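Read through the structure below, which is laid out as structure tokens, and then see the notes.
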Amino acid sequence: MGDFIIYNTLSRKKELFKPINPGHVGMYVCGPTVYGEAHLGHSRPAITFDLLFRYLKYLGYKVRYVRNITDVGHLVNDADEGDDKVEGKAKVEELEPMEIVQRYTNSYRRNMLQLNVLPPSIEPSASGHIIEQIETVQQMINSGFAYEVNNSVYFDVEKYASIHSYGILSGRKIEDLYSNTRDLDSQGEKKSGLDFAVWKNATPDHIMRWPSPWGYGFPGWHTECTAMSTKYLGEPFDIHGGGLDLLFPHHEAEIAQGVACFGHSPVNYWVHNNLITINGQKMGKSLGNFINLDQLFAGTHQLLEKAYSPMCIRFFILQAHYRSPLDFSNEALQAAEKGLERLFKAVTMIDGLKISDQSTIDVPGVIEKCDNAMNDDLNSPILIAHLFDGVKMINSVNDGKSTINSIDQAMLKKLYNDYVFDILGLQPDISGAGTENSKVFGQVVDLLLNLRIVAKKNKDWSTSDKIRNSLADLGFIVKDTKDGFEWELKG
RNA sequence: GGUCGGUUGGCCGAGUGGCUAGGCAGCGGUCUGCAAAACCGCGUACGGCGGUUCGAAUCCGCCAUCGACCUCCA
């Protein structure tokens, strides 16, 4: 567990990571609201924190990773008015809200599996933690930072700000917030426009409502994260992650709620991933550039020139640093696709490299650079750059222009296993490989190409080209090597 | 309007006060019956204008521009 540095939004600095309990890390990440298909936007935090999860484990930490499923409490329009998102979707589709929740939870998990995102240790849902949330609300009332009005409970931001500082995470000043609140009229029953609901009264026409000390209702939009993160990770806990768009007000409110409940800040390290744009534009439903992951994998969106595999998407996202904005375009994705292919190809060549007594390549140097890159705030693009330096070495040895000894070969093997597969979580497409059918199939192709070798020996170029061209028409790429051939089937 | 963050070669995308990022595409070469792959070499970029400095793409100021957040959003 070396010196792992991570950027903390709270201090706006890179900090040395030190867990509360040596050897153990508690991490909470804001998961999806399950009222629609998972889209491109969901992939970035999932992959970013998957990378962090994997790297912490690689460093030897025992990690408890909690990622919630929000299935209640997020409102469609104004913060404290309008319908619950899940309930709204349920009405449109004429389904039980829990059917909506189940359907989109399933599809989210399926998409995450495709992206090779590891399942979190615990995946709690808001609707399954109503009792905990009621307790959290009660704690806020007891400490004097929340008040009840007409069967709803609101967080008293003004009172909180008079004692603690509201806005430490997002860098906002309370005065600015007042002057910038767009809609002072919608204050309604709240004491102040800045106050937010922690428990909301619900009339009988709401389907999703639960009994509470304040009557029937549902929890406010920030309550679940405070209740569930501290239930499973304690307080304070180590890392809280999420998209940059959640910084304000969601995470700011979580800090305030945590302080109100426990008397101290609930989280040591706040980590935020940047957002994704498409052709330089923000992704938005109204802009027509909202791409679901299924559409991306199938190539069925009008902005897509082709389908992109989940691994291509994963690699593309990892080629940018998690705190930088990332722009999706067909050109960029296709570049990533080709690069990834080259990387995988080199990895499969390591085992077959010719061993020499001496190495003319610097394997330990590459390893050190890779470690340094990841230790510096998860710099996956730098890591990948160094892995490509290694690719050059592998190819060069394979080409007979450099040599490698057995020790370096073993180190190289471990390096790529650790970094490509375990940490970056990239995996070659192995669908269909290894089955009895595909074995026989491969043998048939080998047979044809062996015939071609004979033709080549006889300088019968017309036969040799016919075999290659015919196979090419069927989607095979044939490459001659010094002592034989290679082939692959393009999907 | 407020807060914050960008602006890097054909495209994507790192980065540091002086030392080649990397990927993709392109060009030239080696290899090959041809091709593909691979290898070698090449392009010499940092929004604009000032300033600090022996030296700035990297620090400071101003301007331009883009974006995020300020309202549910990953």
Side-chain angles (χ1 to χ4, degrees), chain A residues 9 12 29-33 35-36 38-49 74-79 81-82 84-85 167 170-173 175-177 179-183 186 221 241-250 272-277 280-285 290 315-316 319-321 323-340 342-343 345-346 349 369 373 376 379-389 391-392 394-396 398-402 456 459-461 464-465 468-469 472 477-482 485-488:
Chain A
T9 309
R12 295 178 189 281
V29 174
C30 291
T33 302
Y35 72 112
H39 55 75
L40 199 44
H42 291 106
S43 62
R44 192 147 197 213
I47 289 171
T48 297
F49 294 104
H74 272 206
L75 300 165
V76 172
N77 290 313
D78 182 74
E81 304 294 329
D84 183 293
K85 278 180 179 171
S170 56
R172 283 173 168 75
K173 297 189 183 81
E175 327 58 280
D176 294 339
L177 287 171
S179 60
N180 289 325
T181 300
R182 283 185 185 173
D183 214 358
S186 77
W221 33 314
L244 201 54
D245 52 341
L246 295 176
L247 206 141
F248 189 90
H250 184 55
H272 292 95
N273 61 276
N274 215 313
L275 308 179
I276 281 170
T277 55
Q281 264 192 322
K282 178 188 174 170
M283 196 170 69
K285 281 181 177 155
F290 211 84
F315 182 67
F316 179 68
Q319 261 193 316
H321 188 252
R323 284 193 286 117
S324 298
L326 178 61
D327 188 49
F328 266 63
S329 64
N330 282 287
E331 204 178 359
L333 284 170
Q334 283 162 29
E337 191 171 49
K338 286 183 185 165
L340 178 62
R342 213 175 126 227
L343 177 64
K345 207 176 156 209
M349 282 196 308
K369 285 178 189 164
D376 184 13
N379 202 323
S380 55
I382 292 287
L383 167 68
I384 290 169
H386 293 311
L387 290 174
F388 272 110
D389 287 342
V391 167
K392 264 193 181 166
I394 293 165
N395 285 330
S396 172
N398 190 52
D399 230 43
K401 300 211 163 96
S402 305
K456 278 175 68 181
K459 299 205 190 291
D460 179 2
W461 308 130
S464 117
D465 285 355
R468 187 175 62 193
N469 294 339
I477 295 171
V478 176
K479 294 166 200 161
D480 292 350
T481 60
K482 262 182 232 144
F485 53 81
E486 286 174 6
W487 63 268
E488 57 187 313

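Nothing here was measured: the structure is a model prediction, and the numbers come from that model. Values below: all heavy atoms of this structure, side chains included; hydrogens, waters and symmetry mates excluded. Lettering follows sequence order; numbering is per chain, from 1.
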Roughly how far apart are [X] [atom1] and [Y] [atom2], rounded to 0.5 Å?
X	Y	atom1	atom2	value
H321(A)	S380(A)	NE2	OG	6.5 Å
D399(A)	I394(A)	CG	CD1	13.0 Å
L383(A)	F388(A)	CG	CZ	10.5 Å

*How close do L40(A) and I276(A) get, heavy atom to heavy atom, and via which atoms?*
O-CD1, 3.7 Å

To the nearest Å, give me how far apart [atom1] ([X]) and [atom2] ([N]) are.
X	N	atom1	atom2	result
K345(A)	C39(B)	NZ	P	9 Å
R44(A)	C73(B)	CZ	C1'	16 Å
L247(A)	C69(B)	CG	P	11 Å
L275(A)	G5(B)	CG	C1'	11 Å
N469(A)	A36(B)	CG	P	13 Å
K369(A)	G15(B)	NZ	C1'	14 Å
K459(A)	U32(B)	NZ	P	12 Å
H272(A)	C69(B)	NE2	P	13 Å

*Considering only NZ, NE, NH1 and NH2 on the basic side and carboxylate oxygens on the acidic side, decide whether D389(A) and K392(A) come within less than 4.0 Å.*
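No, no charged N to carboxylate O under 4.0 Å.
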
Is the shortest side-chain N/O distance from [X] to OP1 or OP2 of [N] below 4.0 Å?
X	N	value
S170(A)	C4(B)	no
N274(A)	A68(B)	no
N398(A)	A38(B)	no

What nucleic acid atoms does [X] come within less than 4.0 Å of, heavy atoms only: base, sugar-phosphate, or nothing?
X	answer
G243(A)	sugar-phosphate
L326(A)	sugar-phosphate
S43(A)	nothing
L244(A)	nothing

Rounding to an integer number of angstrom, what distance separates [N] and [M] when you compare their [atom1] atoms?
N	M	atom1	answer
U44(B)	U52(B)	C1'	27 Å
U20(B)	U32(B)	P	34 Å
U58(B)	G9(B)	P	15 Å
G47(B)	G5(B)	C1'	16 Å
G13(B)	G6(B)	P	14 Å
C59(B)	C72(B)	C1'	40 Å
G67(B)	A56(B)	P	32 Å
G33(B)	G28(B)	C1'	23 Å

Can you tell me which nucleotide in [options] comes closest to the side chain of [X]?
X	options	result
W461(A)	C69(B), G33(B), G13(B)	G33(B)
L246(A)	C4(B), G13(B), C73(B)	C73(B)
D399(A)	C72(B), C39(B), G13(B)	C39(B)

*According to a 3.5 Å limit on both distances, what stems of 3 or more consecutive Watson-Crick or G-U pairs are formed with RNA chain B?*
B:1-7 with B:64-70, B:10-12 with B:22-24, B:26-30 with B:38-42, B:47-51 with B:59-63

Side-chain-base donor-acceptor pair under 3.5 Å for [X] and [N]:
X	N	answer
S464(A)	G33(B)	yes
R172(A)	C4(B)	no
R468(A)	A36(B)	no

Donor-acceptor pair, distance only, cut-off 3.5 Å: does the side chain of [X] make one with the backbone of [Y]?
X	Y	result
D376(A)	N379(A)	no
N469(A)	D465(A)	yes
H250(A)	L247(A)	no
T48(A)	R44(A)	yes

*K479(A) versus F485(A): any side-chain heavy-atom pair under 4.5 Å?*
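Not in contact.
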
*Under a 4.5 Å cut-off applied to non-hydrogen side-chain atoms, are L343(A) and V391(A) in contact?*
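L343(A) vs V391(A): side chains touch.
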
_Here's a test of your reading of the structure: between K401(A) and P45(A), which maps to the more 5' nucleotide of RNA chain B?_
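Final value for this comparison: K401(A).
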
*asked:* Walk along nucleotides 21-27 of chain B from 5' to 3' and tag each nucleotide B, S or - by protein heavy-atom contact under 4.0 Å, base first, then sugar-phosphate.
replied: BSSSS--

*Does the side chain of T277(A) come under 3.5 Å of the side chain of D327(A) through a donor N or O and an acceptor N or O?*
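Per modelled atom types, T277(A) and D327(A) side chains form a pair under 3.5 Å.
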
